[in-house]
Each structure stands twice: as structure tokens, then as C-alpha cells.
2 protein chains.
Amino acid sequence: MTESLQIQLKKGVLEMCVLALLSKGDNYAYDIASRMADAVGMGEGTIYPLMRRMQNDGLVTTYLQESGSGPPRKYYKITKEGAQTLKNQITDWLAFEAAVHKILGELT
Amino acid sequence: MTESLQIQLKKGVLEMCVLALLSKGDNYAYDIASRMADAVGMGEGTIYPLMRRMQNDGLVTTYLQESGSGPPRKYYKITKEGAQTLKNQITDWLAFEAAVHKILGELT
DNA sequence: CACGATACCTTGTGATGCAAGATACTATTT
DNA sequence: AAATAGTATCTTGCATCACAAGGTATCGTG
């Protein structure tokens, strides 16, 4: 394990979900936030700082595009590095899931 | 949803694991910490505050017992309320897992 | 008696999830 | 034309928390 799975969990799971979404097509934060809010209860106040962090880490790039229905959207596009990170995070996530299930044991 | 699944994740997953361990038998923090360190990379500095929190929340009770090999151990015993909390947390956890898998989709 | 292992606990730091609010553009209603 | 509602961006402040590092005390062994 490169670093504590716990760290992976905390820093990684939301990032992983966002990267997974972006791997299926470019998207903008507001829409990502809506989807994530439905799926795992994450709001805008969490998404925007997260997107900036991911951009700083080189996992995504951005470009502006007019929308016709509101202010221009800032689209995020996953990078090669982001795709690799996603791959690693999925591996770590599956390992973490397995570890938790082992602890839960026959309680499930 | 009672509260954001995200909060459940953060505050709940480690607690859930500890409660699951305790549901199989009383244990003391040092040993719990060792097991959790192996399983999900959590150390003592995380466990001790967590145990106190859980005690304050009425999820566990404690009793002291001599060990013969070091200082006396403070054993933790899960309460009825703790068992119920564990049940709820497992339900939430499985729902969260399902949500993440849905997002990951065919990427897994 | 010194040392390592066991076992407890505290402090300080850095991240971060989130609610709430600020800003601004467009379309629809009044 | 003014007001409202929806879209979309981002910031601030708060509370929480995992973790590393350090501190204390007990026991057995060399």
C-alpha cells in the first residue's frame, strides 16, 4: 500500500467519483454537483474547492463554453494523469471495500 | 436520507468497523488499534479519541481488567444502542457502496 | 537496572466537508 | 420594465477529524 487506505478513503472517494463521471465525458461543476448530490449527498460547497484542487494536481483541465441558458460554463476534462489516478483509486477502493467486508464478516 | 451520506462516510465507517469488532467480543483500544491498522490503516492517535467519543455517545461502556503483561487494560463493551447504531451504519454503508458502484459503472 | 514491549492518553497540525451567502447572466412572468 | 426564478460560478467561516509525535506508566527479560 502506497499510503494509508484511510487517507485514500478520505481524500480519494469523492475525487474518484468525479473522475469516473468525467471519464465518460466532459462536464461542468454545477452539473457534477447535482449528480453527486443525488448519488452520495455532496453539495456545491464541496465540489468547487475539489475541482480547483484537482486542477492544481493536474488531473483535469478546463475550458469555458457559452451555455445560452445562464452564465458560461467551465467544463472540466480529465487528463491522462487523471485517468491513471482514477485507475489507482478504483483499485484502492475495491481493496478498502474488501477490508471492510472482512471486518463486518457475517454481520452483513 | 437522515443526513448526508458523506457525513456517514466520514464519521461512520471507522466507528462502524470498531463496533463490528466489539460486537464479536469485548476488546481494548490497543488491540483494536492493531487490528484496524492492519485492516484499514488507522493508528492509535485515531482510536483513542474515537473510543471516547463513542463512550460519550453511549455506544460502548468500559471496565478495567489486569493484564499481567503491562498496565491494566480498559475493555470496551458494545451497548444495546451501539448495536442498533451498528445495524443502521451497515445499512447506510451498503447503500453508499451501491451508489459508488453505480457511478463507477462499467469502469470496474 | 536498563531496555523493549505493552498499554494508556494528549497535543498540534493540516485537510476538508458543508452550510450559507455573494455574484452574475438568462428567460419568464407580471 | 421590473420582479422572479433558474442556471452557474465561487468564497468564507465553522466544526470535525485523522494522524504523527510525544508523554506516562507497567511489566518481563537480559
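Every chain is numbered from 1 and lettered A, B, ... according to where its sequence line falls, protein lines coming before strand lines. These numbers were taken from a predicted model, which means no experiment stands behind them.
Atom pair A:K74:NZ and D:dT7:C1' shows a separation of 16 Å (rounding to whole Å applied). Straight-line distance from the CG atom of B:N27 to the C1' atom of C:dT6: 14 Å, rounded to whole Å. Rounded to whole Å, the distance from CG on B:D31 to P on C:dA7 is 8 Å. Note: OH (A:Y75) to C1' (D:dA8) measures 11 Å, nearest angstrom. Distance, B:Q55 CD to C:dC9 P: 9 Å, rounded to whole Å. One can place CD1 of B:I47 at 13 Å from C1' of C:dC8, the figure rounded to the nearest angstrom. The CG-C1' distance, from B:L50 to C:dC9, rounds to 14 Å in whole Å. If you measure from atom CG of B:N56 to atom P of D:dT16, you get 13 Å, rounded to the nearest angstrom.
Residues that satisfy the salt bridge (Lys or Arg N to Asp or Glu O under 4.0 Å) test with A:D31, not counting sequence neighbours, are A:R35. Looking at residues two or more places apart in sequence or on another chain, you find a ring-ring contact (aromatic ring centres under 6.0 Å, His included) between B:Y75 and B:Y28, B:Y63. Under the rule for a side-chain hydrogen bond (donor to acceptor under 3.5 Å, both in side chains), B:R52 has no partner lying at least two apart in sequence or in another chain.
In this structure, B:L94 and A:H101 have side chains that are in contact, with non-hydrogen atoms separated by less than 4.5 Å. When side chains are defined from C-beta on, A:M51 counts as touching A:I32, because their heavy atoms get closer than 4.5 Å.
Results of the side chain to side chain contact (heavy atoms under 4.5 Å, CB included) test with B:V60 over B:Q55, B:E81, B:R53 single out B:Q55 as the only residue that passes.
Contact annotation: B:R73 side-chain N/O to C:dT6 OP1/OP2 distance is not under 4.0 Å.
Here the nucleotide nearest the side chain of B:Y28, chosen from C:dT16, D:dA18, C:dA7, is C:dA7.
Within residues 60-71 of chain B, the residues having any heavy atom under 4.0 Å from DNA chain C are, by residue number, B:S69, B:P71.
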>> Assess the residue pair B:I78 and B:L59 against the criterion (side-chain contact (heavy atoms from CB on, under 4.5 Å)); give the C-alpha distance rounded to whole Å, side-chain angles, the decisive distance to 0.1 Å, and a yes or no.
In response: CA-CA 6 Å; B:I78 191 170; B:L59 306 181; over 6 Å; no
>> Test side-chain contact (heavy atoms from CB on, under 4.5 Å) on A:F96 and B:V40; report intermediate values, then the result.
In response: CA-CA 7 Å; A:F96 181 79; B:V40 293; 3.6 Å; yes
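Of all the heavy atoms in B:Y48 and B:A29, the pair that sits closest is CE2-CB, 3.4 Å. For the pair A:M16 and A:Q89, the tightest heavy-atom approach, listed with the atom from each and the gap, is CA-OE1, 3.3 Å.
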Between the protein and nucleotides 28-30 of chain C, which nitrogen or oxygen pairs are less than 3.5 angstrom apart?
none

Dump the pairs, protein N or O against N or O of nucleotides 11-14 of chain D, anything under 3.5 Å, distances to one decimal.
{"from": "D:dT11", "atom 1": "OP2", "to": "A:R52", "atom 2": "NH2", "distance (Å)": "2.2"}

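At distances below 3.5 Å, not a single donor-acceptor pair connects side-chain atoms of A:S67 with backbone N or O atoms of A:R73.
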